[in-house]
Structures are given as C-alpha cells and as structure tokens.
Amino acid sequence: MRLIGAGVMVAASLLSRGAWADDLQSLDLDALDKAEVDGFLGRWRIRNEAGDRSCDVVLEREMTIGGMQIDVDPACAKAFPVMDEIAAWRLKEGWAIDLVDAVRQMRLRFYTPDVTYIAAQEIDGIFTIEQLPKK
C-alpha cells in the first residue's frame with residue numbers, strides 16, 4: 001500500500017511540474033490600459049540575489065515566434081548562461097513575466113508576491129527582474 005501511495009505522490013508531483021509552464025493565461029496587451037502597458041515596456045535588469053551579477057533586457061511590444069520581442073544584452077549570457085537561450089517574452093495573469101526560448105518553452109518566470117518581481121525558480125542564480133527608469 002505504501003508503494004501505491006508513493007507512486008501517486010510522485011505522479012502528482014510530475015503532473016504539477018508539467019503544467020507549471022501553462023498554468024497562467026497570457027494577457028492581451030490590447031485589452032489593458034495603454035498607459036499601463038507603455039509604462040511596463042522598456043528596459044529591465046535581471047540580477048542575482050546579492051546584486052553582484054546582472055544584465056539588461058528590453059521588453060518590446062512587437063510579436064515574434066513564441067511571444068513578444070526581447071532585446072537581450074549580449075553580456076547576459078556570461079552573467080547567466082540561460083539568457084543565451086531567451087528569444088521572446090510573454091505577459092501572464094497577475095503581470096507575471098515569462099522568458100521563453102526559441103522553441104517556445106518557458107525558461108524563466110518572474111512573479112510579484114508583493115511589489116517586487118522574483119524568479120519562480122532560481123536558474124543560474126537569477127533572483128529578480130526590476131524595471132529601470134525610462135530615459
């Protein structure tokens with residue numbers, strides 16, 4: 001009986017992990033307040049928890065394969081190797097930010113449990129993403 005219970009727990013765990021990438025619906029930017037969207041787009045900084053490693057990205061509105069265009073600073077791959085695979089971004093429910101690779105797989109998710117974005121999973125030491133002031 002214990003083996004069956006353990007098997008059910010493992011299966012439930014695997015199912016929840018598999019669904020994690022698609023558990024939030026994408027937001028339609030056209031249905032949101034234009035000023036809010038315009039304020040959201042632009043330069044962001046990804047960094048580790050200590051703040052001694054960081055890199056900049058630009059979240060753009062134009063569509064591309066897998067989501068919207070993202071301009072990833074070439075130095076990002078050195079700071080965080082996973083960033084070399086990022087090809088697009090998506091805005092999800094709750095204003096969560098997903099970064100996706102060239103085959104449309106979500107690689108990173110940032111969400112806001114309060115007013116600060118944090119990484120849902122710490123990959124390559126990535127801890128947060130924060131918006132930089134508009135120029």
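Please read all numbers here as calculations on a predicted model, not as lab measurements.
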Least distance between heavy atoms, R47 atom then S54 atom: CB-CB, 3.7 Å
Common cluster, V58/I65, ILVMFWY with side-chain heavy-atom separation under 4.5 Å: no
R53 side-chain N/O to A79 backbone N/O, donor-acceptor pair under 3.5 Å: yes
Separation between CZ of R90 and CG of L24, rounded to the nearest 0.5 Å: 11.5 Å
Closest non-hydrogen atom pair between Q131 and K134, with its separation: NE2-NZ, 4.0 Å
Residue pair M68, L29: steps toward the side-chain contact (heavy atoms from CB on, under 4.5 Å) verdict: CA-CA 11 Å; M68 290 175 278; L29 270 56; 3.6 Å; yes
Output field: ring centroids Y117/W95 closer than 6.0 Å: no
Approximate separation, where rounding is to 0.5 Å, of Q121 CD and M106 CE: 7.5 Å
Polar side-chain atom of D124 near backbone of I126 as donor-acceptor pair, under 3.5 Å: no
C55 backbone acceptor or donor facing D73 side chain under 3.5 Å: no
Those residues that, when tested against D38, pass salt bridge (Lys or Arg N to Asp or Glu O under 4.0 Å) (two or more places apart): K34
Donor-acceptor under 3.5 Å (W89 side chain, V100 main chain): no
Note, V57 side chain near M83 side chain (heavy atom, < 4.5 Å): yes
Cluster check F127, F80: I/L/V/M/F/W/Y, side chain < 4.5 angstrom: no
T112 OG1 to I118 CD1 distance, which is reported to the nearest 0.5 Å: 9.0 Å
Residue pair A88 / G66: nearest heavy atoms and the distance that separates them: CB-C, 4.0 Å
Atom pair OG1 (T116) and OH (Y111), whose distance is rounded to the nearest 0.5 Å: 11.5 Å
Donor-acceptor contact present, side-chain D28 to main-chain L32, <3.5 Å: no
Basic-acidic side-chain contact under 4.0 Å: R109, D23: yes
side-chain contact (heavy atoms from CB on, under 4.5 Å) assessment of F40 paired with I97: CA-CA 11 Å; F40 187 83; I97 300 169; 3.6 Å; yes
Pairwise distance CD1(I70) to CD(E62) - rounded to 0.5 angstrom: 13.0 Å
Interatomic spacing from CG in L59 to CG in L99 - rounded to 0.5 Å: 7.5 Å
hydrophobic_cluster_shared for L132 and I46, side chain cutoff 4.5 Å: no
